[in-house]
Amino acid sequence: MVLVPAIALRGLAMLGYRPALFFWADSFSYLRAAADPVPGTFRPLGYSLFLAALSPGHSLALVTFAQHALGLGLAVAAYALLRRRGLPGWGAAAMVTPLLYDEFLILLEHLIMADTLFTVLVTGGIMVLLGRVTPVTAACGGTLLALAALTRTVGLVVLVLAAGHLLLRRAGWRPLAALALAATIPLAGYASWMAATSGTFGLTRADGLFLWSRTMTFADCAKIRPEPRLAPLCPDVPVAGRPAPPYWLWQPSSPLRELRGDVNERAGRFARAAIAAQPGDYLAAVGSDLRGLWRWERTTARSAAMKKTNPYWFPFEEQPLGDRAAAESYEGGPAATRIAEPFAGWLRAYQRVGYLPFPLLVTSLAGTLAAAVIRRMPDALLPGLAAAALILAPPFTNGFDVRYVVPAIPLACLAAGLVLAGRSSPAGPLRLGDGGPALHPARLDRRRHRLRQ
């Protein structure tokens with residue numbers, strides 16, 4: 001029964017905002033890359049390849065429909081996993097309620113953006129690894145997490161946590177090797193493709209640029225004393241008056257616009273020098289960003305003007321396309337978002353109250369992690385740590401954005417459900433400090449037979 005209203009909410013999105021919603025310039029860059037898939041500078045091609053796979057339908061509505069279906073499917077899969085672990089039906093349903101009803105998850109499903117695909121891939125990879133660990137399941141989990149990293153590079157952090165999980169479970173070298181091999185093949189293949197087209201072996205050519213933009217909120221060149229070739233990256237704006245990190249990447253007045261050559265490498269060197277010279281200021285900047293997690297509302301834009309343009313609200317008015325050619329080429333016709341009332345109005349009314357506030361998310365996640373450690377439950381620890389990593393990594397590497405927090409919601413709910421279930425994985429008891437996992441029943445029988453002899 002809990003699925004029916006969740007489907008209805010997504011139906012309102014499909015009816016009220018046709019064929020899709022667009023996120024500033026990002027959506028159109030994904031669409032352009034889908035038409036001509038070549039590894040780019042700022043993001044890997046995972047989502048654009050997903051769009052390319054759906055492009056024969058010439059329908060952005062098909063994309064949003066597929067993303068809504070993925071979101072619902074993820075909630076059903078999480079519910080099934082928690083039921084297998086012993087939660088009653090009402091308990092499992094309560095744990096997946098945010099996945100079904102959070103308006104921001106629904107909004108991201110309706111945007112031409114990579115977030116929904118990333119969320120499904122990273123949570124799906126974690127769920128696979130929470131079952132009986134075999135080389136096959138480890139390879140499946142590694143593949144999904146590698147695809148997540150090819151959609152958003154922060155997925156690499158979760159992949160490392162997954163490998164640590166297998167070590168903690170003492171799963172053996174075969175599953176660990178299967179995970180590593182299954183993840184390495186797509187990642188190395190993509191990096192080789194990048195090297196062939198740009199000369200850079202990696203998933204992007206912007207890691208240094210993003211880290212540099214992070215340091216722009218505090219970097220003081222009088223303290224850093226950068227070498228001459230890095231000095232042009234020092235901004236003229238006083239520290240107290242500097243805008244947020246995204247400004248330094250995208251605005252025409254950024255010092256990046258005056259540089260030539262390997263800007264990414266120089267920006268990375270400057271950023272590392274700034275962090276080494278001002279570690280306290282770096283941590284203070286990260287802490288300042290993380291204060292956004294304690295804001296009850298997702299965004300503070302409440303004025304009539306901001307309601308029309310804020311990309312994190314279902315819009316009140318139709319907006320012009322940022323790149324009409326890219327959108328209409330994919331759609332095969334007019335692609336501008338058409339707002340249909342009363343469906344859009346009902347959804348706008350719902351979005352005021354239908355979300356999990358970040359303070360509740362953070363406090364519940366902290367409690368879940370503490371309980372997982374105290375009760376020695378590594379299966380709950382893995383999704384909990386993955387959720388924490390997705391929340392914490394962006395402020396350290398490029399800056400805070402509410403959109404970056406939302407993919408942690410399914411993982412946090414999954415971790416909380418596993419703690420409440422209190423049961424180990426199908427592979428046997430997996431509690432920390434128990435001297436390793438229980439023996440497989442067949443091995444246990446052989447050991448008993450040897451003891452009798």
Side-chain angles (χ1 to χ4, degrees), residues 6-38 40 42-73 103-120 151-152 246 250 299 301 304-351 403 406:
I7 293 172
L9 287 171
R10 287 159 174 83
L12 289 179
M14 295 290 294
L15 292 171
Y17 295 94
R18 311 172 191 172
L21 292 173
F22 302 93
F23 185 85
W24 287 333
D26 298 50
S27 297
F28 305 105
S29 67
Y30 285 120
L31 290 171
R32 289 192 296 270
D36 183 19
V38 176
F42 290 100
R43 54 179 66 91
L45 278 178
Y47 183 63
S48 291
L49 295 177
F50 171 77
L51 293 176
L54 296 177
S55 62
H58 290 291
S59 172
L60 291 166
L62 175 62
V63 175
T64 56
F65 177 83
Q67 292 179 170
H68 287 308
L70 285 173
L72 290 170
E103 61 86 15
F104 212 141
L105 283 168
I106 298 171
L107 173 64
L108 290 177
E109 291 167 13
H110 208 64
L111 281 167
I112 304 301
M113 287 291 285
D115 300 81
T116 294
L117 180 62
F118 172 77
T119 301
V120 171
T151 304
R152 277 185 55 196
W250 311 117
T299 62
M306 283 301 294
K307 283 180 179 178
K308 296 177 182 178
T309 59
N310 187 342
Y312 296 144
W313 287 80
F314 284 99
F316 284 68
E317 296 182 358
E318 297 176 2
Q319 302 295 320
L321 290 175
D323 186 338
R324 182 175 297 275
E328 293 187 346
S329 174
Y330 191 94
E331 178 73 5
T337 302
R338 301 178 297 281
I339 299 179
E341 303 293 353
F343 312 111
W346 294 341
L347 197 56
R348 290 195 302 269
Y350 175 77
Q351 75 182 351
R403 181 167 56 89
V406 177

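Just so you know, residue 1 is the first one in the sequence shown, and it goes up from there. Keep in mind that what you see is a predicted model, and the values were worked out from it rather than measured.
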Checklist entry - Would a distance-only check, ignoring hydrogens and angles, find a side-chain to backbone donor-acceptor pair under 3.5 Å from Gln351 to Phe314? => result yes

Checklist entry - Which salt bridge (Lys or Arg N to Asp or Glu O under 4.0 Å) pairs, counting each pair once, include a residue from residues 329-341, with sequence neighbours left out? => result Glu341-Arg348

Checklist entry - Can you tell if the side chain of Leu21 reaches within under 4.5 Å of the side chain of Ile112, non-hydrogen atoms only? => result no

Checklist outcome for this item: Scanning both residues in full, the closest heavy-atom pair of Ala52 with Ala34 reads CB-O, 3.7 Å

Item to check | Residue pair Leu60, Leu31: steps toward the side chain to side chain contact (heavy atoms under 4.5 Å, CB included) verdict | outcome: CA-CA 10 Å; Leu60 291 166; Leu31 290 171; 4.1 Å; yes

Checklist entry - Does the pair Leu54 and Tyr330 meet the rule for a side chain to side chain contact (heavy atoms under 4.5 Å, CB included), with working shown? => result CA-CA 10 Å; Leu54 296 177; Tyr330 191 94; 3.6 Å; yes

Checklist entry - Would Phe22 and Asp323 satisfy side chain to side chain contact (heavy atoms under 4.5 Å, CB included), going step by step from the backbone distance to the final call? => result CA-CA 10 Å; Phe22 302 93; Asp323 186 338; over 6 Å; no

Next on the checklist: How close do Leu117 and Gly46 get, counting heavy atoms only, and between which atoms?
Outcome noted: CD2-O, 4.2 Å

Checklist entry - How far apart are the C-alpha atoms of Asp115 and Arg152, what are their side-chain angles, what is the distance that settles it, and do they pass the side chain to side chain contact (heavy atoms under 4.5 Å, CB included) test? => result CA-CA 8 Å; Asp115 300 81; Arg152 277 185 55 196; 3.7 Å; yes

Item to check | Heavy-atom closest pair, residues Ala335 and Pro19 | outcome: O-CD, 3.7 Å

Item to check | Any Ile106 side-chain heavy atom under 4.5 Å of His68 side chain | outcome: yes

Item to check | Side chain to side chain, Val38 and Leu45, heavy atoms closer than 4.5 Å | outcome: no

Item to check | Whether Arg10 side chain and Ile7 backbone form a donor-acceptor pair below 3.5 Å | outcome: no

Next on the checklist: Angle between ring planes, Tyr17 versus His110, binned at 30° and 60°: parallel, tilted or perpendicular?
Outcome noted: perpendicular

Next on the checklist: Could you tell me if the side chain of Leu70 sits less than 4.5 Å from the side chain of Glu109, heavy atoms only?
Outcome noted: no

Checklist entry - Between Thr64 and Ala20, which heavy-atom pair has the shortest distance, and what is it? => result CG2-CB, 3.5 Å

Checklist entry - Nearest 0.5 Å, what's the CD-CG distance between Gln67 and Leu72? => result 12.5 Å

Next on the checklist: Please give me the minimum heavy-atom distance between Ser48 and Ala33, naming the atom from each residue.
Outcome noted: OG-CB, 3.2 Å

Checklist entry - Within 45 degrees of the axis of the six-membered ring of Tyr30 and under 6.0 Å from its centre: does Arg43 put its NZ or CZ there? => result yes

Item to check | Pro315 side chain reached by Thr337 side chain, heavy atoms, under 4.5 Å | outcome: no

Next on the checklist: Could you report the tightest heavy-atom contact between Leu107 and Pro311, atom names first, then the distance?
Outcome noted: CD2-O, 3.8 Å

Item to check | Atom pair CG/OG1 of Leu105 and Thr116 - distance to nearest 0.5 Å | outcome: 7.5 Å

Item to check | Under 3.5 Å donor-acceptor, Ser329 side chain and Ala326 backbone | outcome: no

Item to check | Residues forming a side chain to side chain donor-acceptor pair (under 3.5 Å) with Arg324, sequence neighbours excluded | outcome: Glu328

Item to check | Candidate list Tyr47, Trp313, Phe28, Tyr312, test ring-ring contact (aromatic ring centres under 6.0 Å, His included), partner Phe23, passing option | outcome: Tyr312

